[in-house]
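Positions are given from 1, in the same order as the sequence printed here.
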Amino acid sequence: MAPPAAIESYPETDTSSFTIPDRFTLQQVAKRRAASGKLVATVAAVADVDAFKGRTQHLHKGKARRWDHRLSPESRSRKGNSLKGAAGLLKTPGLISLGGGLPSADYFPFDELSIKVPEIGRWSDKEVHDHGKVLTAGKHDQAEGKSHFDIATAFQYGQGHGAAQFLRWLIEHTEIVHNPPYQDWSCTMTSGSTSATDMAFRMFCKAGDWIMTEQFTFPTMIETVRPMGVRVAGIPMDEYGLCPKQMDQILSNWDERERCGPKPFLLYIVPTGQNPTGATQPVQRRREVYAVAKKHDLYILEDEPYYFLQMQPYTGPNAPDVPPPASHEEFLRSLVPSYLSMDVDGRVMRLDSFSKVIAPGSRVGWITASEQICERFRNHTDTSTQQPSGISQLVLFKLLEEHWGHSGYLDWLIHMRMEYTGRRNTILDACERYLPKDIVSWVPPMAGMFHWMEIDFTRHPEYPQMSMDDIEDQLFLNNVEHKTLLMKGSWFYAESDVEKHKMYFRATYAAARTDQIEEAIRRFGASVRECFGLAALTNGANGTNGTNGTNGTNGTH
C-alpha cells in the first residue's frame, strides 16, 4: 500500500525546550523500583506518581500547558473529596482511625481469591486448562508479608486514581510504550473507556458546544454527547483515517452564526484500527493532525482500545505469513507512535483499556494526561464511580504485576497480534474468494477488529428508482435471511443528517470461529449477488474482473 500523500505544511512543534530521552526499558524497571524503596500502600493509599515515574528521569523535560480556558464550568467548580483527602493520614504510624466510614475487612465474606491463568508462552485454552498457573490472593497478604496487595485492601474503598499498587505497574507500562515527552504527565485509572469518555466530555464541554471526530465513528460516543446538548462535526476520512487538511479547512472557515455555536476545540479520535472503518493513521498523518491541533489550539481525546491489535502486513491469499516480532524491542518499534508519544504540550488525553486484549468485563482502564487534567478527572471520579472495581484491580495485579510482569505482558500482546492477524487474514481471504469485487471493495485493515466494505449501490438493477438508503435496507435484511449479520455503515455517521453518497457495511472478525467467519462471508456474497441480480457463485471463484480496493481508491472519503 502506498504511503498517504503529504498535505500542505503546518507549523512544526517547537521542541527547543524539550529533551526527549530514550524509551524507558524493561531492564530499568527493577533498578528504579529498588532506588525508590519498598512500596507501602495500605487502604485508600494516595499514589506517589512522581516516584513511580522516577523522580529524576523527567526533570529535564518541559511542563504541560495549562488548560483552564478549556475546562467546563462543571469541571472548574468541582473540588476534591474532603473525606478521601484525609485518607493520606492513614499511613501515620500508631494512628487509630475513627474517621472514615470504611467497613471492617473482618466482615468481607472472602478469605481467598484464586484464578488460573496462562504460563508465558502456553496461551491456548487447553494449555491453560492442563498447565495453567493458579494465583491466589488472601485477605491479609500484606500483613503476612506475602504481597503488596490483598483482599482487605483491594475490596475496600479507595482513591479515584485506583490502587497505588496497580497504578505503579500502569505508569511503568505507559512509560515503556509511549515515553510521554513532557514532565508532569500522570495516569489515573478508569472504569473503562466508555465511562472515561463520558467524564472527559463533561470536563471539557457544555451545552451548545461542538466537538470534532472522524466522519464515521463509534455510535456510543455520539449517544453520550447529544443529551448534553453537544453537537458533533464529522471530518472526512480516507483509507488512512481522519484527513488533517479538511479538518484545518473546516476550522479555518468555521462560521459561528451558520453553525449556531462556537468553533470546536475538542477532537475525539480512534487512530488505530478505527471503529468502524478499521483505518490506522500512519505516523506522518498523526504528526499532521497534531500540527493542526496546535494551530487551532485543540485538545485531543486519543481513544485507543485497539492499539495493541496492530497486525502483521497482509500478504494475500495463500501467501506466506509474516513472522512475529523477534523481540520485545522489535515489537515496540513496530507500533505506530501514539499521539501521547509526540505530545509536547500536554494537549492529549490518552484512553487505554484492557477490554480488547484481556477482558471487557474487567472494567478497568486508565487515562494518561497532564497532572492538571488527571486531577480534574479524579475529582469527577470521586463523586461518581469512586474507583474501578477493587476485585478487578486485584485480579489484574496478580496477573500482570506478580505473574507475567511487563515482559510477559508484551509476550501476550505479541500473541494477540498473531491471533488477530490470522483472523484478519481469514476474512480477507474469504472476501477474495466469495465476494463480487465489481460490487464490493475494501482496504485490508492493519489493526483492530473491523473490516469495512464499500458497496457500489449504483450497480443495483433498480437504481436510481430505488434510493441508496432503501438498497442498504434491502441488503441488510437479505443478509439476515441468509443468516449472516453485518452492520450498516449509515449507523456510524458522526452527522446523521449529512447527505450520503457511499454505502458501507462493517464486519468483525473478533469473536466467531475462523470456519464461521469464512461461511459468513460466503453467505454475504450470496446475499449481494441475489440483491444485485448476479449469477450464483460457482466453484469458489468470484467470476468478476473488478479490483479488491487495495489501491486506496475505495476508502472512506
Side-chain angles (χ1 to χ4, degrees), residues 43-47 49 67-68 70-88 90 99-103 153-167 170-171 186-207 209 211 218-230 266 268 299 301-305 349-355 359-396:
V43 171
V46 177
V49 172
W67 296 98
D68 305 80
R70 294 307 193 199
L71 293 172
S72 68
E74 176 188 352
S75 184
R76 289 197 301 269
S77 66
R78 284 188 181 275
K79 306 299 180 185
N81 186 310
S82 56
L83 298 179
K84 285 193 176 184
L90 292 176
L102 281 64
T153 304
F155 288 27
Q156 188 57 271
Y157 286 118
Q159 297 290 336
H161 54 55
Q165 295 91 330
F166 189 42
L167 184 63
L170 294 172
I171 288 170
S186 187
C187 293
T188 291
M189 278 188 241
T190 70
S191 298
S193 291
T194 302
S195 170
T197 52
D198 174 70
M199 290 188 193
F201 289 135
R202 293 177 63 181
M203 284 171 58
F204 288 104
C205 302
K206 62 185 184 301
D209 282 347
I211 65 171
F218 183 40
T220 300
M221 186 276 288
I222 304 295
E223 292 155 3
T224 298
V225 298
R226 277 182 179 156
M228 296 169 56
V230 175
L266 191 68
Y268 171 87
Y299 194 88
L301 299 183
E302 179 185 22
D303 191 3
E304 281 283 53
M349 176 194 288
R350 179 180 171 86
L351 294 86
D352 276 290
S353 171
F354 290 115
S355 292
S362 71
R363 306 320 304 147
V364 174
W366 72 101
I367 65 163
T368 307
S370 66
E371 173 54 30
Q372 180 199 14
I373 298 302
C374 283
E375 185 265 340
R376 292 287 91 198
F377 189 93
R378 290 193 296 270
N379 286 349
H380 282 254
T381 300
D382 280 339
T383 54
S384 56
T385 59
Q386 291 269 352
Q387 63 168 354
S389 164
I391 298 173
S392 293
Q393 290 186 66
L394 182 58
V395 167
L396 290 168

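- Of all heavy-atom pairs between Ser355 and Pro360, the closest is O-CD, 3.2 Å.
- Residues Glu304 and Leu351 form no side-chain contact, since every pair of their non-hydrogen atoms from C-beta on lies 4.5 Å or further apart.
- Between the side chain of His161 and the backbone N or O of Cys187 there is no donor-acceptor pair closer than 3.5 Å.
- Atom CD of Glu223 sits about 8.0 Å away from atom CZ of Phe218, to the nearest 0.5 Å.
- Here the straight-line distance linking atom CD1 of Ile391 with atom OG of Ser362 works out to 12.5 Å at 0.5 Å rounding.
- No donor-acceptor pair closer than 3.5 Å links the side chain of Ser195 to the backbone N or O of Gly192.
- Contact between Gln159 and Asp382 at its shortest, heavy atoms only, is C-OD1, 4.4 Å.
- A donor-acceptor pair is defined here as one N or O able to donate and one able to accept, closer than 3.5 Å; no such pair exists between the side chain of Ser75 and the backbone of Leu71.
- Below 30°, between 30° and 60°, or above 60°: for Phe354 and Trp366 the angle between ring planes is between 30° and 60°, a tilted geometry.
- Counting heavy atoms from C-beta on, the side chains of Val225 and Tyr268 never come closer than 4.5 Å.
- With Met221 as the fixed residue, the side chain to side chain contact (heavy atoms under 4.5 Å, CB included) test singles out one of Thr197, Thr194, Ile211, Asp303: Ile211.
- In the model, Arg363 has no side-chain atom that pairs as donor or acceptor with a side-chain atom of Ser392 under 3.5 Å.
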*Evaluate the side-chain contact (heavy atoms from CB on, under 4.5 Å) criterion for residues Leu266 and Leu301: first the C-alpha distance (whole Å), next the side-chain angles of each, then the deciding distance (0.1 Å), finally the verdict.*
CA-CA 7 Å; Leu266 191 68; Leu301 299 183; 4.0 Å; yes
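- In this structure, CD1 in Ile367 is found 7.5 Å from OG1 in Thr381, a value given to the nearest 0.5 Å.
- Of all non-hydrogen atoms in Pro388 and Gln393, the two that sit nearest each other are O-NE2, 3.1 Å.
- Note: Arg70 CZ to Phe204 CZ = 10.0 Å, rounded to the nearest 0.5 Å.
- The two atoms that bring Tyr157 and Gln387 nearest to each other are C-NE2, 4.0 Å, heavy atoms only.
- Closest of all the heavy-atom pairs between Met203 and Ile373 is CE-O, 3.7 Å.
- Evaluation of the side chain to side chain donor-acceptor pair (under 3.5 Å) test over residues 367-377, restricted to residues two or more places apart or in two chains, returns Asp68-Gln372, Ser186-Glu371, Glu371-Arg378, Glu375-Asn379.
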*Check the pair Leu394 / Phe166 against side-chain contact (heavy atoms from CB on, under 4.5 Å), numbers first and verdict last.*
CA-CA 8 Å; Leu394 182 58; Phe166 189 42; over 6 Å; no
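- Sequence neighbours left out, the pairs with a member in residues 188-202 that pass salt bridge (Lys or Arg N to Asp or Glu O under 4.0 Å) are Glu74-Arg202.
- When atom types are taken as modelled, the side chain of Ser193 and the backbone of Ala196 share no donor-acceptor pair closer than 3.5 angstrom.
- In this structure, the separation between CG on Leu170 and CD on Gln165 is 12.0 Å, given to the nearest 0.5 Å.
- In terms of heavy-atom proximity, Lys206 sits nearest to Pro73 at CD-CD, 4.2 Å.
- The backbone N or O of Glu302 sits nowhere less than 3.5 Å from a side-chain atom of Arg350 that would complete a donor-acceptor pair.
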